[in-house]
Amino acid sequence: MAILKILRYPDPRLHKVAKPVTVFDERLPRLVADMAETMYKAPGIGLAATQVDVHERVIVIDTSETNDQLQVFINPEILWASADKAVYEEGCLSVPGIYDGVERPTQVRVRAQDVHGAFFEIDCDGLLAVCIQHEMDHLMGKVFVEYLSPLKRNRIKQKLLKEERGLEREASARAAARR
Ligand code: GNR
Ligand code: NI
């Protein structure tokens, strides 16, 4: 298993559209295990393959308190979404430290495949409904800040770019100290 590097907004690779998984070989459970390990370590309640620079329709989610209810969605599709909507304060591992309200349908029915390729359907509500819609957006190259106003989005972008410059400076200082 391995911890994967999570891309940070505004990395342009977060806007790539993921392709469906067509080959269900040994590689897939390995990717899923690495994504789950990366999600738990972060810690987060969900992770889309896009966030670890793998542009295939793979999602892992665990919304349990106990972190022992891993759910895997390969090639997820929304079959139905409720007309009823609600605003939830969302965060994202690719947009660290930023939280803001996003309005989405409160219930969705999703069809997906498991790691073996078997199809299943699941009715989602509550946090799971929020999370799966957030993750499916990632697979379409969409990050939650794109639901916010251009003004807020630009402030977030500038803040993260500034943080990134700071992180790069720290990393090169560490590298220089090792020499
Ligand atoms: O860990 C996460 N928490 C979260 C909280 C509210 C709405 C969505 C999420 S998903 C996020 C992990 C993540 O970035 N997944 O893409
Ligand atoms: Ni996210």
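As a basis for the values below, the full set of heavy atoms in this structure was taken, side chains included, without hydrogen atoms, waters or symmetry mates. FYI, the numbering just counts along the sequence from 1. In listed order, ligands and their atoms are each counted from 1.
- Where the criterion is an N or O separation shorter than 3.5 Å, residue side chain and backbone included, Glu135 meets it with respect to ligand 1.
- Residues Met136 and Lys142 have side chains not in contact (no heavy-atom distance under 4.5 Å, counting atoms from C-beta outward).
- Put simply, the side chain of Glu90 reaches to within 4.5 Å of the side chain of Val130, judged on heavy atoms.
- For Tyr88, the OH atom sits in a loose shell: 12 or fewer heavy atoms of surrounding residues, nucleotides or ligands are nearer than 6.0 Å.
- The closest side-chain heavy-atom distance from Pro96 to Leu160 is below 4.5 Å.
- Short contacts between ligand 1 and Gln51, defined as distances under 4.0 Å to a heavy atom of the residue, involve ligand atoms 13 (C), 14 (O), 15 (N), 16 (O).
- In this structure, the protein non-hydrogen atom closest to atom 2 (C) of ligand 1 is Ile45 CG1, 3.5 Å.
- Contacts between Met39 and ligand 1, counted as non-hydrogen atom pairs separated by less than 4.0 Å, are absent for every part of the residue.
- Counting protein heavy atoms only, atom 13 (C) of ligand 1 is closest to Gly46 O, 3.5 Å.
- On a distance-only criterion, Leu93 and ligand 1 share at least one N/O pair closer than 3.5 Å.
- The angle that His134 NE2 and His138 NE2 make at the Ni ion (ligand 2), rounded to 10°, works out to 100°.
- Contact atoms of ligand 1 toward Gly44: 1 (O) (distance under 4.0 Å to a heavy atom of the residue).
- Each of the atoms 14 (O) of ligand 1 lies under 4.0 Å from some heavy atom of Cys92.
- Closest to atom 11 (C) of ligand 1 by heavy atom, among Gly91, Ala48, Ser94, Ala42, is Gly91.
- Around atom CD of Glu65, no more than 12 heavy atoms belonging to other residues, nucleotides or ligands sit under 6.0 Å away.
- Judged by distance alone, the side chains of Tyr40 and Asp62 do bring a donor and an acceptor atom under 3.5 Å apart.
- Heavy-atom contacts of His138 reach the following atoms of ligand 1: 16 (O) (cutoff under 4.0 Å).
- Applying the side chain to side chain donor-acceptor pair (under 3.5 Å) test to residues at least two apart or on different chains, the pairs with a partner in residues 160-170 are Arg8-Glu163, Lys159-Glu163.
- For Tyr88, every heavy-atom contact with ligand 1 shorter than 4.0 Å involves the side chain, none the backbone.
- Ligand 1 has no N or O atom lying under 3.5 Å from any N or O atom of Glu89, backbone or side chain.
- With contacts defined as side-chain heavy-atom distances shorter than 4.5 Å, the pair Glu121/Trp80 does not qualify.
- Relative orientation of the Phe120 and Phe73 rings is tilted, given thresholds of 30° and 60° on the angle between their planes.
- Under 4.0 Å from ligand 1, the heavy atoms of His134 that appear belong solely to its side chain.
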